[in-house]
Amino acid sequence: MLKNTIGGKLGLFGSKASGKMNLGTMMALNTLNGIDTSDYDAVNSNFQDIAKALSENSNLGNWTWSVDGSDEARQRAEAAAFQSYLDKTEPVYKQQTNDLQTRLVNQGLTPGSEAYQRAMTDLQNNQNDATNQAAYNATLAGQNAFTQSLGDQINAGNFGNQAQVGAVNQAWNLLSNSMSGYDKKMAMANLLTGWDNQRQKANQANAAANQQNMNNLLQAGAMLAMFSDARLKENIRRVGWLDNGLPVYCYTFKNDNRPQIGLLAQEVQKVKPEAVSETADGYLTVRYDLATEA
């Protein structure tokens, strides 16, 4: 029954009445079946394990989640700043004290006298104030060291995290042109569903355009006339030849991106005019049982 159809000629497809799908759908399914998704699925599984570990442990590889400044660096900077001040001022303070004692004695003020003691106290107070200011400055130096160490830790953590984000993004980019097992199954399911929907639409369109012709075709047990007008198609690419010399094309109907395999009515009209009919809308249909005869 299929020997006089294009599917029979190619040995790959027939009409919906035969229960077989068209060559375009068959080729697409064969292509999908041939896609190896194991690498994609393995990497995706690894990412799922990482995400699980992240949610359970709040820790993932070498990711940096929190940082702190170095208190040791703070203490070191504070001590160094204060010691530097003492090293510079202790000889000066000692010399100031000696100079003041000599001056007071030369003025006739003896140690223990009120004027002598008041002068020495004033000098010590001034020196203590300077030392306290130096201690405050040393504290600021320590805080600056802590802030600097904290900033360094933040920058280091961000750099490490960005490096890992880059690695993750690179892995996903490498997978962007691949197909997962789930995607593969969904594509096959959509292809089969789309094929069935398309055939139903084609049947309805043929019935509306030429009811009498459809009745004749259905009575013959197969859908022999199909829309094949080149004006209804796009993305046309030749994929083979029939025994009678007519080229076979892969194409899509306008407003429908599913691939189809078939003939162009305008070309069939030149070789097999008896296989071509015109609908009331002015479009050409092809009886494939006639068009595919040798």
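Going from atom CG of Asn46 over to atom CG of Asp41 covers 11.0 Å, rounded to the nearest 0.5 Å. Atom CD1 of Ile154 sits about 9.5 Å away from atom OG of Ser149, to the nearest 0.5 Å. Atom-to-atom distance recorded for Tyr251:OH and Ile261:CD1 is 7.5 Å, nearest 0.5 angstrom. Summarising the geometry, atom CD belonging to Gln96 is positioned 9.0 Å from atom OG1 belonging to Thr89; distances are rounded to the nearest 0.5 Å. Taking CD of Gln269 as the start and OG of Ser228 as the end, the distance is 11.5 Å to the nearest 0.5 Å. Distance check, rounded to the nearest 0.5 Å: CG of Leu232 to CG of Asp256 gives 11.5 Å.
No continuous path of hydrophobic side-chain contacts links Tyr136 to Phe146 [ILVMFWY only; heavy atoms under 4.5 Å]. Val239 and Leu246 fall within a single hydrophobic cluster, where Ile, Leu, Val, Met, Phe, Trp and Tyr side chains are chained together by heavy-atom contacts under 4.5 Å. No chain of hydrophobic side-chain contacts below 4.5 Å, direct or via other Ile, Leu, Val, Met, Phe, Trp or Tyr residues, connects Leu100 to Val105. Grouping the Ile, Leu, Val, Met, Phe, Trp and Tyr side chains by contacts below 4.5 angstrom, directly or via other members, places Leu150 apart from Leu140. In this structure, Phe253 is a member of the same hydrophobic cluster as Val248, with clusters built from ILVMFWY side-chain heavy atoms closer than 4.5 Å.
A donor-acceptor pair is defined here as one N or O able to donate and one able to accept, closer than 3.5 Å; no such pair exists between the side chain of Lys233 and the backbone of Cys250. With hydrogens and angles disregarded, a donor-acceptor distance shorter than 3.5 Å links the side chain of Thr292 to the backbone of Tyr288. Looking at Tyr249, its side chain never comes within 3.5 Å of a backbone N or O of Gln260 through a donor-acceptor pair. Judged by distance alone, with hydrogens and angles left aside, the side-chain atoms of Thr252 form no donor-acceptor pair with the main-chain N or O of Asn257 at under 3.5 Å.
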Practice task
Output, in order, the C-alpha distance, side-chain angles, deciding distance and verdict of side chain to side chain contact (heavy atoms under 4.5 Å, CB included) for Asn235 and Arg237.
Solution key: CA-CA 6 Å; Asn235 302 316; Arg237 177 172 55 89; over 6 Å; no
Practice task
Take Lys88 and Val92 through the test side chain to side chain contact (heavy atoms under 4.5 Å, CB included) and record every step on the way to the result.
Solution key: CA-CA 7 Å; Lys88 294 177 181 178; Val92 175; over 6 Å; no
Practice task
Report the C-alpha distance between Gln148 and Asp152 in whole Å, list the side-chain angles of each, state the deciding distance to 0.1 Å, and finish with yes or no for side chain to side chain donor-acceptor pair (under 3.5 Å).
Solution key: CA-CA 6 Å; Gln148 180 63 46; Asp152 292 342; 3.0 Å; yes
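Pairing each heavy atom of Gln153 with each of Asp68, the nearest pair is CG-O, 3.5 Å. Of all heavy-atom pairs between Ala291 and Leu263, the closest is CB-CD1, 3.8 Å. Closest non-hydrogen pair, Asn244 versus Glu293, comes out as ND2-O, 2.8 Å. Here the closest heavy-atom approach between residue Gly142 and residue Arg74 is recorded as O-CG, 3.1 Å. Nearest heavy-atom pair, Ala81 versus Ala141, reported as atom, atom and distance to 0.1 Å: CB-CB, 4.0 Å.
No hydrogens or angles considered: a donor-acceptor pair under 3.5 Å links the side chains of Gln75 and Asp71. For the 3.5 Å distance criterion, the side chains of Ser38 and Asp36 qualify, holding a donor opposite an acceptor. A donor-acceptor contact closer than 3.5 angstrom is absent between the side chains of Gln133 and Asp129. Side-chain N/O atoms of Asp229 and Gln266 include a donor and acceptor closer than 3.5 Å. With no hydrogens or angles considered, no side-chain donor-acceptor pair links Asn158 and Gln162 at under 3.5 Å. Under 3.5 Å, the side chains of Asn128 and Gln124 contain no donor-acceptor pair of N or O atoms.
Applying the side chain to side chain donor-acceptor pair (under 3.5 Å) test to Asn132 and every residue at least two apart in sequence or in another chain returns nothing.
Pairs of residues two or more places apart, or lying in two chains, never qualify as side chain to side chain donor-acceptor pair (under 3.5 Å) while including a residue from residues 100-118.
In this structure the side chain of Thr97 reaches within 4.5 angstrom of the side chain of Met120, judged on heavy atoms. Residues Tyr85 and Thr131 form a side-chain contact, since some pair of their non-hydrogen atoms from C-beta on lies under 4.5 Å apart.
Around CZ of Arg231, the count of heavy atoms belonging to other residues, nucleotides or ligands within 6.0 Å exceeds 12. Counting non-hydrogen atoms of neighbouring residues, nucleotides and ligands closer than 6.0 angstrom, the OH atom of Tyr93 exceeds 12 such neighbours.
We find that Arg76 and Glu72 are joined by a salt bridge, their nearest charged nitrogen and carboxylate oxygen being less than 4.0 Å apart.
When Leu284, Leu290, Val271 are each tested for a side chain to side chain contact (heavy atoms under 4.5 Å, CB included) with Val276, only one passes: Leu284.
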